[in-house]
*Asks:* 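Can you read through this structure? Questions will come right after.
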Protein chains: 2
Amino acid sequence: MLTRRLSRRALYQQVRDVLASRIAAGEWRPGVALPSEADLARELGVSSGTTRKALKLLEAERLLTRRQGHGTFVTDPASDEHALRYTNICTGDGERIASEVEVLEVSKGLASEAQRNRLGLRPDGETCCIRRVHRCDGEPFIVEEIAMPSVLFPGLVERGDLSRSIASLAREFGILLGRAEERLSVGAATEFGAKLLRLPVGAPILMLDRLIHSVDGTPVEWCLRQAHLDDKYYDAKLD
Amino acid sequence: MLTRRLSRRALYQQVRDVLASRIAAGEWRPGVALPSEADLARELGVSSGTTRKALKLLEAERLLTRRQGHGTFVTDPASDEHALRYTNICTGDGERIASEVEVLEVSKGLASEAQRNRLGLRPDGETCCIRRVHRCDGEPFIVEEIAMPSVLFPGLVERGDLSRSIASLAREFGILLGRAEERLSVGAATEFGAKLLRLPVGAPILMLDRLIHSVDGTPVEWCLRQAHLDDKYYDAKLD
DNA sequence: TAGTGGTCTAGACCACAGA
DNA sequence: CTGTGGTCTAGACCACTAA
């Protein structure tokens, strides 16, 4: 039950937390409406204004979509909204690229020091590692090395399709994705990258270093990429 | 006076507009508190909840800073908050760079076709153009070519200091800055860039293409940059 | 202690979508 | 027409800041 002044956390934040975990648990399938504001408010024993504020938060976090006169819905993790959320590379005409992905290598084991630092893991922390290549119209243009804390994705490497987007994987394991930072620089293609991108070793290339957190701030994915852009570009939004 | 249902625009949006223009006009100096929510509400003839919603909007647009128990203040355009708003290049240890700027060249005239397209100008539109170089610890690392619609900055080139940030310039001319997009790619240093950055022509370099809009969506500044990063990096936020 | 913004409530009315 | 989310109000109380 929701406490009022026993907890320091604001009531609408507590409502957000309750709803977020129920969403993560899959209580409402994407495409099916949640109860209305008024019904949720009654159920939770708070005012509809407080419920409304919580729903607004969840909408801002992209967990929900609301439409006047229609209802409140869980955002479909298979939608472009989610799949392209962390994808900032565009074709020359400004379209986000939904690239074809091929998995090259999968492994699991003790995290390297760099991985521990970046993902905030303890010395005995383990990671799942994936190497993949992205193609656009058959042309390889990105190679990437992904590391994820094993504890967040139990049984991941033993299972099926690792070519899916992080949004899709996270959904399956009940993780709600939040903010991310990406560091960009110009570098020289490594042997690994050059071979797959069909470039000479040392060719100038865009290096990307991305860290995705969950909504509560836990690091979820560290992704190192080498990109050969050609006429594509990286589209950063500043606001 | 604020109309209620004569206008389709929501009341709190109208309150936002009124306050935004009063801020742009310099009615309240940075560092001095605005009237309280209750006082503003009385003055404008709306409820304090509506006023509150408008103030929240203006805070999200970075025009205001609010602190519980303290008051509501106009954000100082000379503050880092504003000056570094569109600056995503960091030193190796993650600090935004407040670089030293030198103006190389200033001109004004009929906009080029590219400038018209990017800034949404008519065929007879004019632009102010500035070429500058940025240094960090004396080392040049960015050269840039800026274009701004002359009509927004009357008398700019005839006046003083063009080494200031766009935030500072905009403040002087009563323009409130909003969203921006920046396109990044890897390119070869032009003759202009290479010379100033002390690199060979054709050296691999980060190319940046930034467009800043005002809060109401009008393009305000187009900035083309060439950056030699070394151990610095571009820090993009994804959320 | 006085004054500020932040939270919470209860309820009225509006705008929109779908049966 | 009904039900949804969006706006707006009035007022109570809480939490923080500074004098």
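These values consider heavy atoms only, across backbone and side chains, with no hydrogens, waters or symmetry-generated copies. Below, chains carry the letters A, B, ... as their sequence lines are ordered, and counting in each starts from 1. None of the values given here were measured: they were computed from a predicted structure.
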*Asks:* OG of Ser214(A) to CG of Leu176(A): how many Å apart, nearest 0.5 Å?
*Replies:* 8.0 Å
*Asks:* What nucleotide among dT7(D), dC8(C), dA18(D) has an atom nearest to a side-chain atom of Ala10(B)?
*Replies:* dT7(D)
*Asks:* Counting only side-chain N and O atoms of Tyr12(A), is one of them less than 4.0 Å from OP1 or OP2 of dT7(C)?
*Replies:* yes
*Asks:* Distance check: side-chain N/O of Thr50(A) vs OP1/OP2 of dT7(C), anything under 4.0 Å?
*Replies:* no
*Asks:* Which nucleotide sits closest to the side chain of Lys56(B): dA18(D), dG18(C), dG6(C)?
*Replies:* dG6(C)
*Asks:* Taking only N and O in the side chain of Arg66(B), is any of them less than 4.0 Å away from OP1 or OP2 of dT4(C)?
*Replies:* no
*Asks:* Using a cut-off of less than 4.0 Å, is there contact between a side-chain N or O of Lys53(B) and OP1 or OP2 of dT7(D)?
*Replies:* yes
*Asks:* Compare the minimum distances between each of dC16(C), dT4(C), dC8(C) and the side chain of Ser47(A), then state the nucleotide with the smallest one.
*Replies:* dC8(C)
*Asks:* Identify, between Leu55(B) and Gly69(A), the residue whose nearest nucleotide on DNA chain C lies closer to the 5' end.
*Replies:* Leu55(B)
*Asks:* My understanding is that only residues two or more places apart in sequence, or in another chain, count here; which of them pass side-chain hydrogen bond (donor to acceptor under 3.5 Å, both in side chains) with Ser47(B)?
*Replies:* Thr50(B)
*Asks:* Can you measure Leu40(A) atom CG to dT4(D) atom P for me and round it to whole angstrom units?
*Replies:* 11 Å
*Asks:* Between atom CD in Gln68(A) and atom C1' in dA15(C), what is the gap in whole Å?
*Replies:* 5 Å
*Asks:* Counting side-chain heavy atoms from CB outward, which of dT9(C), dT9(D), dG5(D) is closest to Ser36(A)?
*Replies:* dG5(D)
*Asks:* Nearest whole Å is fine: how far is dA15(C) P from Arg67(A) CZ?
*Replies:* 19 Å
*Asks:* For the pair made of CG in Leu44(A) and P in dC8(C), what is the distance, rounded to whole Å?
*Replies:* 13 Å
*Asks:* Contact class for Arg52(B) vs. all strands (heavy atom < 4.0 Å): base, sugar-phosphate, or nothing?
*Replies:* base
*Asks:* From dA17(C), dA18(D), dC8(D), pick the nucleotide closest to the side chain of His70(B)?
*Replies:* dA18(D)
*Asks:* Do Glu81(A) and Thr75(A) meet the criterion of a side-chain donor-acceptor pair at a distance under 3.5 Å?
*Replies:* no
*Asks:* How long is the line joining CZ of Arg42(B) and C1' of dG3(C), in whole Å?
*Replies:* 12 Å
*Asks:* Atom CG of Leu11(B) to atom C1' of dC13(C): distance rounded to whole Å?
*Replies:* 13 Å
*Asks:* Is the number of heavy atoms from other residues, nucleotides or ligands within 6.0 Å of CZ (Arg179(B)) greater than 12?
*Replies:* no
*Asks:* How many Å lie between CZ on Arg16(A) and P on dT7(C), as a whole number?
*Replies:* 15 Å
*Asks:* So which nucleotide from dT9(C), dT17(D), dG5(C) ends up closest to the side chain of Glu37(B)?
*Replies:* dG5(C)
*Asks:* Using atom CD of Gln14(B) as one end and atom P of dG6(D) as the other, report the distance to the nearest whole Å.
*Replies:* 19 Å
*Asks:* Less than 4.0 Å between a side-chain N and a carboxylate O, is that true for Arg16(A) and Glu61(A)?
*Replies:* yes
*Asks:* Near Asp216(A) CG, under 6.0 Å, is it more than 12 heavy atoms from other residues, nucleotides or ligands?
*Replies:* yes
*Asks:* So Ser48(A), base contact, sugar-phosphate only, or nothing? Heavy-atom distance under 4.0 Å.
*Replies:* nothing
*Asks:* Indicate whether OP1 or OP2 belonging to dT7(D) is found under 4.0 Å from a side-chain N or O atom of Arg9(B).
*Replies:* no
